[in-house]
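This report concerns only the one structure given below.
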Amino acid sequence: MSLSRTLLSAPAPEVAPLLLGALLHVTDHEGTVTVRLTEVEAYHGPVDPGSHSYRGRTERNRVMFGPPGHLYTYFTYGMHTCANVVCSPEGIGSGILLRGGEIVEGLDLARARRATSRVDADLARGPARLVVATGITLGDGGVDVVAGSRVRLELREPVAAFSQGPRTGVSGPGGSDEFPWRFWIPGDPTVSPYKAAAVKKVNVRETP
DNA sequence: AGGACGATATTCT
DNA sequence: GAATATCGTCCTG
C-alpha cells in the first residue's frame, strides 16, 4: 500500500491538517489545473452528526464508506457540487471536504471557468468554486486520487502552522465547538470567509 | 465589509 | 414537505 493511502486510512480529523499545502491536479481535454489546498473540513461519520455518513449508508454517500483515497462528490442546494477525499478504512464513513485553495497551475483555464470572480484569490475560495475552477464534476465521484489519473492528490510537507475551528454551514450539534474540524492556513487569502450555519427558520404563524 | 435573499434539485423525514 | 457541508447579486453603512 502506498504511503499516501496509509496516511489517508486514519480518521478524517487526523488527516485533514495534513492536506493543507497538498496539491490537487485535475486534467481534462482543456488542460491541467492545480490547486494548493488552504482550507479543508473533516467529517467523521461514526461520531459526527454533521456528516453525511452519520446515519449510515445511502445511495448518495456510499463512496464515503469505501476505501480511503477516493473522491466523494455530492450535489447540493440545487446547483452546487462539492468534493471530498475519503478517509478511514473501508466500512467507515469518513472524509475531508475541500473548501478552498490557491490555483498554482492552469490559471487562465481556471479564470475562464470562473468568469464571475474578480480576483484570482476567489477562483477556488469555497467548496463549490474549487470544484468549478479545477474542472472536477459529479462524475468524478469514486475515482482514486492516490493512483491518480484524471484527478490526482499530491501530498506535500505538512505546513508549519495551521488554525482550526467550527465548520462552516453546519447546523445542529455538528456545528458546535465540540467538532472544531475546519482547518485552514492562517492569513491565506484563498480561505473562505467563515459563515455560521443559517439559523433554523422559526415557525411563524399568521394569526387569522 | 457585511447582511438579506433567491435560485434550484436531491436527499431524507 | 423541509432542509441543505453554497454562491452571486443587491442592498445598507
Side-chain angles (χ1 to χ4, degrees), chain A residues 11-13 15-17 19-20 24 35 37-65 70-88 93-101 103 110-142 164-184 187 189-205:
Chain A
V15 181
L19 290 196
L20 295 174
L24 189 75
V35 272
L37 301 175
T38 58
E39 181 191 3
V40 297
E41 278 177 4
Y43 291 86
H44 191 62
V47 298
D48 175 12
S51 174
H52 285 170
S53 54
Y54 182 61
R55 289 159 200 86
R57 254 178 241 248
T58 66
E59 176 57 29
R60 171 173 71 164
N61 68 21
R62 63 188 169 76
V63 347
M64 282 190 89
F65 290 87
H70 290 241
L71 204 64
Y72 166 52
T73 56
Y74 68 92
F75 186 72
T76 190
Y77 288 102
M79 60 190 90
H80 298 304
T81 300
C82 299
N84 298 247
V85 174
V86 172
C87 293
S88 290
S94 191
I96 298 169
L97 173 66
L98 309 179
R99 285 200 58 91
I103 306 294
R111 285 177 182 145
R113 288 168 172 165
R114 294 258 315 124
T116 56
S117 86
R118 329 259 334 185
V119 236
D120 287 344
D122 285 350
L123 289 171
R125 187 184 196 233
R129 293 168 170 180
L130 185 149
V131 160
V132 171
T134 56
I136 291 173
T137 68
L138 251 196
D140 288 314
Q164 78 183 91
R167 295 171 293 188
T168 297
V170 177
S171 62
S176 73
D177 294 340
E178 196 182 340
F179 301 94
W181 289 350
R182 174 177 177 247
F183 300 86
W184 67 95
T190 64
V191 173
S192 69
Y194 173 74
K195 285 229 192 289
V199 291
K200 188 176 178 179
K201 186 161 46 173
V202 181
N203 198 4
V204 179
R205 272 177 306 175

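What's counted below: heavy atoms across the whole structure, side chains too, no hydrogens, waters or symmetry copies. In this text the structure is predicted, and so the values were computed from the model without any measurement. Order of the sequence lines sets the chain letters (A, B, ...), proteins ahead of strands, with each chain counted from 1.
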Can you tell me how far CG of L71(A) sits from CG of L24(A), rounded to the nearest 0.5 angstrom? 7.5 Å
R125(A) CZ to dA1(B) P, in whole Å, measures 10 Å
Heavy-atom nearest nucleotide on DNA chain C taken for S171(A) and for G126(A); more 5' hit belongs to S171(A)
Side-chain N or O of T116(A) less than 4.0 angstrom from OP1 or OP2 on dG8(C)? yes
Verify the contact: side-chain N or O of S51(A) to OP1 or OP2 of dA5(C), cut-off strictly under 4.0 Å; return yes or no. no
Rounded off to whole Å, could you give me the CD-to-P distance for the E59(A) and dT11(B) pair? 8 Å
For dT8(B), the Watson-Crick or wobble counterpart (both distances under 3.5 Å): none
Whole-Å distance separating the CG atom of D122(A) from the P atom of dT9(C): 12 Å
Between R111(A) (side chain) and D120(A) (backbone), is there a donor-acceptor pair under 3.5 Å? no
Heavy-atom donor-acceptor pair, D48(A) side chain to G50(A) backbone, under 3.5 Å: yes
Output the single nucleotide from dT13(B), dT4(C), dG8(C) whose closest atom is nearest the side chain of R55(A). dT13(B)
Can you tell me if R129(A) uses its side chain to pair, donor with acceptor, with the backbone of G100(A) under 3.5 Å? no
Taking only the side-chain heavy atoms of Y43(A) (C-beta and beyond), determine which of dA5(C), dG8(C), dC12(B) contains the nearest atom. dA5(C)
Closest of dA5(C), dT6(C), dG8(C) to the R114(A) side chain is dG8(C)
Interatomic distance where CG belongs to L123(A) and P belongs to dC7(C) [whole Å]: 13 Å
Please confirm whether the backbone N or O of A124(A) pairs with a side-chain atom of R114(A), one donor and one acceptor, at under 3.5 Å? no
Taking OH from Y54(A) and P from dT4(C), how many angstroms apart are they, rounded to a whole number? 15 Å
Does anything in residues 72-87 of chain A reach DNA chain B, meaning a heavy atom under 4.0 Å, and if so which residues? F75(A), Y77(A), G78(A), M79(A)
Mind checking if G174(A) touches a base, just sugar-phosphate, or nothing, with heavy atoms under 4.0 Å? nothing
Within the side chain of E39(A), is there an N or O that forms a donor-acceptor pair under 3.5 Å with the backbone of S192(A)? yes
Is there a Watson-Crick or G-U wobble partner for dA5(C) with both distances under 3.5 Å, and which nucleotide is it? none
Hey, does the side chain of R113(A) reach the backbone of A133(A) with a donor-acceptor pair shorter than 3.5 angstrom? yes
Can you check the L130(A) CG to dA5(C) C1' distance for me, whole Å? 14 Å
Would the distance check show the side chain of H44(A) and the main-chain N or O of S94(A) forming a donor-acceptor pair, the cut-off being under 3.5 Å? no
Return the value, rounded to whole Å, for the distance between atom CZ of R167(A) and atom C1' of dT4(C). 14 Å
Grab the CZ-C1' distance between R99(A) and dC7(C) for me, whole Å please. 12 Å
Would you say dG8(C) has OP1 or OP2 under 4.0 Å from some side-chain N or O of R129(A)? yes
